[in-house]
Amino acid sequence: MSSNISCYNAMEIPSKFDAQKVEEKWYRYWLEHAFFKSVPDHRESYTIVIPPPNVTGVLHMGHMLNNTLQDIIIRRARMLGYNACWVPGTDHASIATEAKVVAKLKAQGIEKNTLTREDFLKYAWEWTDEYGGVILEQLKKLGCSCDWDRTKFTLDPELSESVINVFVSLYEKGLIYRGYRMVNWDPEAQTTLSDEEVIFEEKEGRLYHIAYSVVGSNDKVVIATTRPETLLGDTAICIHPEDKRYTHLKGKQVKVPIAERTIPIIEDDYVAMDFGTGCLKVTPAHDFNDKVLGEKHHLDIIDIFNPDGTLNTFGLEYEGLDRFVARKKIVKALEDQGLLLKIENHIHKVGTSERTRAVIEPRLSDQWFLKMEALAAPALNAVLHSDEIELVPEKFKNTYRHWMENIRDWNISRQLWWGHRIPAYYFGQGTNDYVVAITLKDALEKAKLKSGKDDLTIRDLHQDEDVLDTWFSSWLWPISVFDGIRNPNNKEINYYYPTQDLVTGPDILFFWVARMIMAGYAFRQERPFQKVYLTGLVRDNKGRKMSKQLGNSPDALGLIEEFGADAVRVGLMLSSAAGNDLLFEESLCQQGKNFANKIWNAYRLINGWEVDSKISSDHASQEALDWYEHYFQKTLKWVDDNFDKYRISDALMSIYKLVWEDFCSWTLELVKPAYGKPIDEVTHQRIVALFENNLRILHPFMPFLTEELWHFIKPRSPKEALTITHWPKITHFDMSLLNQFENMQEIVGGIRNFRKENNLSPKIKIEVYVANSILPLAFEASLKKLGGVSQVVYSKVGTGVKGGTFRVNALEFFIPLNQEENPEGERQKLEEELKYTRGFLTSVESKLSNERFVANAPDQVIAIERKKAADAQAKIILIEKRLSEL
RNA sequence: GGGCGCUUAGCUCAGUUGGUUCAGAGCACUUGGUUUACACCCAAGGGGUCGGGGGUUCGAAUCCCUCAGCGCCCACCA
């Protein structure tokens, strides 16, 4: 495969680049030659760990954006000579995957609750083995240069063991504890959620005004609530101690409607007197604040719900009904009893599950928590003070700080089966009758010790049923993929860690990024990565989030098939500044495809020239090649700067313009020999070398096309493949050379504009008169080639010659015209130009005559203004002269 | 309710410490081109009182104040 990998003969190269034809071939080639494989060596490492997608996920636009960025960065790092290592893998995504498996089983008529844990896990693994990793295959289609031999899964035995080790060690440090607390309960998934997994959505609700009878009087007290069904769990009514409206109620008791229980009226300044009726019902089992009130006032706790959100025996006649059904019925009952006084519309925020969208039920339960404060301190410092970790864009620093400073303990247990089972083992019924250990054997020893019972056996131990929050394994990812938890001094972790870049979305800044930083400092005393690049969300062209429900998300693989991977990568990169949302349109991919085709055809041109070693190069070619060499360097500097600042789309745009405008439209056009004529050898060599440099800097963005062309240019061995070649080094560039060429470009532009305005066909050769200057030799050659100029005459035009003029800077050009001239039109144009120039001059002069400007502005600025004035004066003289000649 | 950010051409966005190159880019648009690399193309061109108002300054897209609109994060007002 090494010598002649190209599938075309030079003569039959088609004018369209066919991406499908080459992508698979090159990906296979890269894998066969192990270009993406990394093992520790003498070079400096450059590491990226992939944000592991859900194992059962399929590639969507967000993944494409994210992974294209990572691939661009890692490919460039590879070319820069680093030992580049991109570690791929997938996440078991406990709740999401379990939900999918449950749904799939349900479709087959199997209910989860009829299965044992073991059976369910068997199904889950079957599912994982079948669909897991599909997404990784899709990443290959995108061209991702991951070291696939390193592919990891968060439920792999080594990674699982790392998670358990970490749990045990945190427990032993006293950072993990069990607590009976109010947690976020997802009634659909029937598990708790961390605070971060709850999304508050603004919803239109109702505020129900309900009357409670005061015991021992005919008085009623009216409360306002959004959740009337929870009155069955009420254990108090609360008023503000200073609320004059209710002083007569102090110390009284009221009767809960329907439940007919008697509960006290308590006083607390927590109550807002101006909200609702100023009177609050207290349900400690089902509201975070009521729980606090309940503890303060030693109230009873009545939990009225089953785990699935239906009412339990405290629900009385409503037992078994769903909470929302019960709400309706209870409202009806209250209405019938005349206790429902008013229903107001009320907009409020409702917590919903990030995964299932179910309305969250605050619920008291036994859960495991991780103390966060101590872990957060070094992580906060690293981002905010020491700058060991850089967030891009920087604006996320504030968000990060706010979260870290107000961090609360992390609820890490989940009532699920798919995940890392909590290594706690119970040996008795007491709240403290458990031990935490890595292995069952250790657990038994510890249990014996703790219980004082030497005759305990493994059968007496019962492992906690819960699993750990997915993020409790993901937060170790940069460490655990290199086995740095279990073997903290192994060669790999020491070589690859800390990693360089993390590319991910801001939506998981807290879930994941912040926690990885904490884990990095906690378990390795070192940052996990240097830079965090936070991408934007991919939206559709109307600014809507891409989602399955809206059906506005294009099929990622379909796009690759339609436009080619390179084109899709370019399309995504063209408008995706860091942190800014990306409004995606297919037309961006079309633009990428057009670009790929442009490059393809540029090579077809070069490739098609006949090379003659006996002729020598001309002035125009030399000038163009000299210029492009320097201009390339200038652009490369800009590109490298942009890469350093993670401005990947700016980097791409400058390469896009460099190749399309500067290389194709200027350099190639100037170098191009006349039709049928050969090109000289030196020029040909130079243009090929320049084209190769273009391919180098294009390669991270468009790996397939560039590798294809790279091997077109000449047969190359795998050692010389573009993927592992070097990124160009910046050398000096000469500004005066660049300026001079730019001057020539402006003159060509002037001529072309003149042609257009005077309807001069490009086929008609023209003479150009320059009266007040001599142009460099190379200019003349370039003007002839690009402007259709037959010759440049350095003299004034003879009297009576018809024609027109145009000016570039301080140069005036005259072009004779055979056709009938239009003196009135010419006069009008000149007068407009004169008027504008005079106005410009006046403004500059007024600036210069302003004493304070001259006194305060830097000399450089004043000099510029003087030059502007002088140029304008010269131009005015030229125009006036021309006008007088008309 | 608190915090952060955004508003520049029809669209998506650059614009680094106020002053060369400051009013830009790409796309779209208009006009003219089948010149054998490319119509997935070439050439030329038209678009903006930089969200409104006020201020500081010799000088403001850039700094300050204010208003309006949009977005994000955080927060227990039932």
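Letters A, B, ... mirror the listed sequences (proteins, then strands); counts begin at 1. Computed from a prediction, not measured in an experiment: that's the story for all the values here.
Closest to the side chain of A:His402, from the set B:rC74, B:rA37, B:rC77, is B:rC74. In this structure, of B:rU16, B:rC74, B:rU12, it is B:rU12 that holds the atom nearest to the side chain of A:Leu583. Among the nucleotides B:rU31, B:rC77, B:rA37, the one closest to any side-chain atom of A:Lys756 is B:rU31. With distances taken from any side-chain atom of A:Lys598 to the nucleotides B:rA37, B:rC77, B:rA25, the minimum falls on B:rA37. With distances taken from any side-chain atom of A:Trp660 to the nucleotides B:rC77, B:rC40, B:rC41, the minimum falls on B:rC41. In this structure, of B:rA14, B:rA78, B:rC38, it is B:rA78 that holds the atom nearest to the side chain of A:His346. Listed nucleotides B:rC74, B:rC38, B:rC77 differ in distance to A:Phe275; the shortest reach to its side chain belongs to B:rC77. Set against B:rC40, B:rC74, B:rC76, the side chain of A:Asn289 has B:rC76 as its closest nucleotide.
Under the Watson-Crick or G-U wobble criterion, with both distances below 3.5 Å, B:rU36 is left unpaired in every strand shown. Pairing for B:rA43 is with B:rU31, a Watson-Crick or G-U wobble pair whose two hydrogen-bonding atom distances lie under 3.5 Å. Here B:rG26 sits opposite B:rC11 as a Watson-Crick or G-U wobble pair (both hydrogen-bonding atom distances under 3.5 Å). Using the Watson-Crick or G-U wobble rule with both distances under 3.5 Å, B:rG48 pairs with nothing in any strand shown. Base-pair partner of B:rG1: B:rC74 (Watson-Crick or G-U wobble, both distances under 3.5 Å). Pair assignment for B:rC6 gives B:rG69, based on Watson-Crick or G-U wobble hydrogen-bonding distances that are each under 3.5 Å. B:rU17: no Watson-Crick or G-U partner with both key distances under 3.5 Å is found in any strand.
Dashed line: the shortest gap from a side-chain N or O of A:Asn594 to OP1 or OP2 of B:rC41 is under 4.0 Å. Close to B:rA43, at under 4.0 Å from its OP1 or OP2, lies a side-chain N or O of A:Ser665. At B:rA75, one or more side-chain N or O atoms of A:Arg408 fall inside 4.0 Å of OP1 or OP2 (strictly under the cut-off).
When heavy atoms are screened at a 4.0 angstrom cut-off, A:Arg647 is found touching the sugar-phosphate backbone but no base atom. A:Phe288 comes within 4.0 angstrom of nothing in the nucleic acid, heavy atoms only. Nucleic acid contact for A:Arg866: none, since no nucleic acid atom lies under 4.0 Å from a heavy atom of the residue. Here A:Lys763 lies out of heavy-atom contact (under 4.0 Å) with every strand. A:Cys664 comes within 4.0 angstrom of a nucleotide base, judged by non-hydrogen atoms across all strands. Residue A:Phe510 is classed as a sugar-phosphate contact, given heavy-atom separations below 4.0 Å to backbone atoms only.
The P atoms of B:rG47 and B:rG69 are separated by 33 Å, rounded to the nearest whole Å. The separation of B:rG15 from B:rU8, taken at their P atoms, amounts to 14 Å, rounded to a whole angstrom. Across the P atoms, B:rC13 and B:rG1 are found 29 Å apart, a figure rounded to whole Å. Taking atom C1' in both B:rA61 and B:rA23, the straight-line distance is 8 Å, to the nearest Å. Going from the C1' atom of B:rU35 to that of B:rG18 covers 49 Å, rounded to whole Å. Across B:rC42 and B:rU34, the matching C1' atoms stand 11 Å from one another, rounded to whole Å. Between B:rC4 and B:rG53, the two P atoms lie 26 Å apart (nearest whole Å). B:rC22 and B:rG3 have their P atoms separated by 38 Å, given to the nearest Å.
For the pair A:Phe396 CZ and B:rG5 P, the interatomic distance rounds to 12 Å; values are reported in whole Å. The separation between A:Lys395 atom NZ and B:rC73 atom P is 11 Å, rounded to whole Å. For the pair A:Met653 CE and B:rA25 C1', the interatomic distance rounds to 7 Å; values are reported in whole Å. Rounded to whole Å, the distance from OH on A:Tyr656 to C1' on B:rC27 is 8 Å. Atom CG in A:Asn753 sits roughly 20 Å away from atom P in B:rU30 (whole-Å rounding). Atoms NZ (A:Lys349) and P (B:rC74) sit 10 Å apart, rounded to a whole Å. For the pair A:Leu709 CG and B:rC38 P, the computed distance is 16 Å after rounding to whole Å. Computed from coordinates, the A:Glu669 CD to B:rA44 C1' distance equals 15 Å when rounded to whole Å.
A cation-pi contact, defined as under 6.0 Å to the ring centre and within 45° of the axis, is absent between A:Arg181 and A:Trp410.
Between A:Tyr208 and A:His346, the distance from one ring center to the other does not fall under 6.0 angstrom. Two rings, from A:Phe733 and A:Tyr631, have their centers 6.0 Å or more apart.
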request  = Let me see the working for A:Ile360 and A:Phe200 under side-chain contact (heavy atoms from CB on, under 4.5 Å), right down to the final yes or no.
outcome  = CA-CA 10 Å; A:Ile360 291 304; A:Phe200 285 91; over 6 Å; no
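Nucleotides of RNA chain B nearest to A:Arg752 and A:Ser587 differ in position, and the one nearer the 5' end is that of A:Ser587. Mapping A:Asn601 and A:Phe17 onto RNA chain B via the closest heavy atom, the residue that lands nearer the 5' end is A:Asn601.
The aromatic rings of A:Phe813 and A:Phe806 lie parallel to each other, their planes meeting at an angle below 30°, with 60° marking the opposite boundary. Ring-plane geometry between A:Phe691 and A:Phe663 is classed as tilted, the angle between the planes lying from 30 to 60 degrees on a 0 to 90 degree scale.
Counting non-hydrogen atoms of neighbouring residues, nucleotides and ligands closer than 6.0 angstrom, the NZ atom of A:Lys634 reaches no more than 12 such neighbours.
Judged by distance alone, with hydrogens and angles left aside, A:Gln591 brings no side-chain donor or acceptor close enough to the base of B:rA28 to form a pair under 3.5 Å.
In this entry the base of B:rG32 is anti relative to its sugar, with a glycosidic angle more than 90° from 0.
There is a side-chain donor-acceptor pair under 3.5 Å between A:Asn601 and A:Arg604.
Within the 3.5 Å criterion, the main-chain N or O of A:Met273 finds a donor-acceptor partner in the side chain of A:Arg245.
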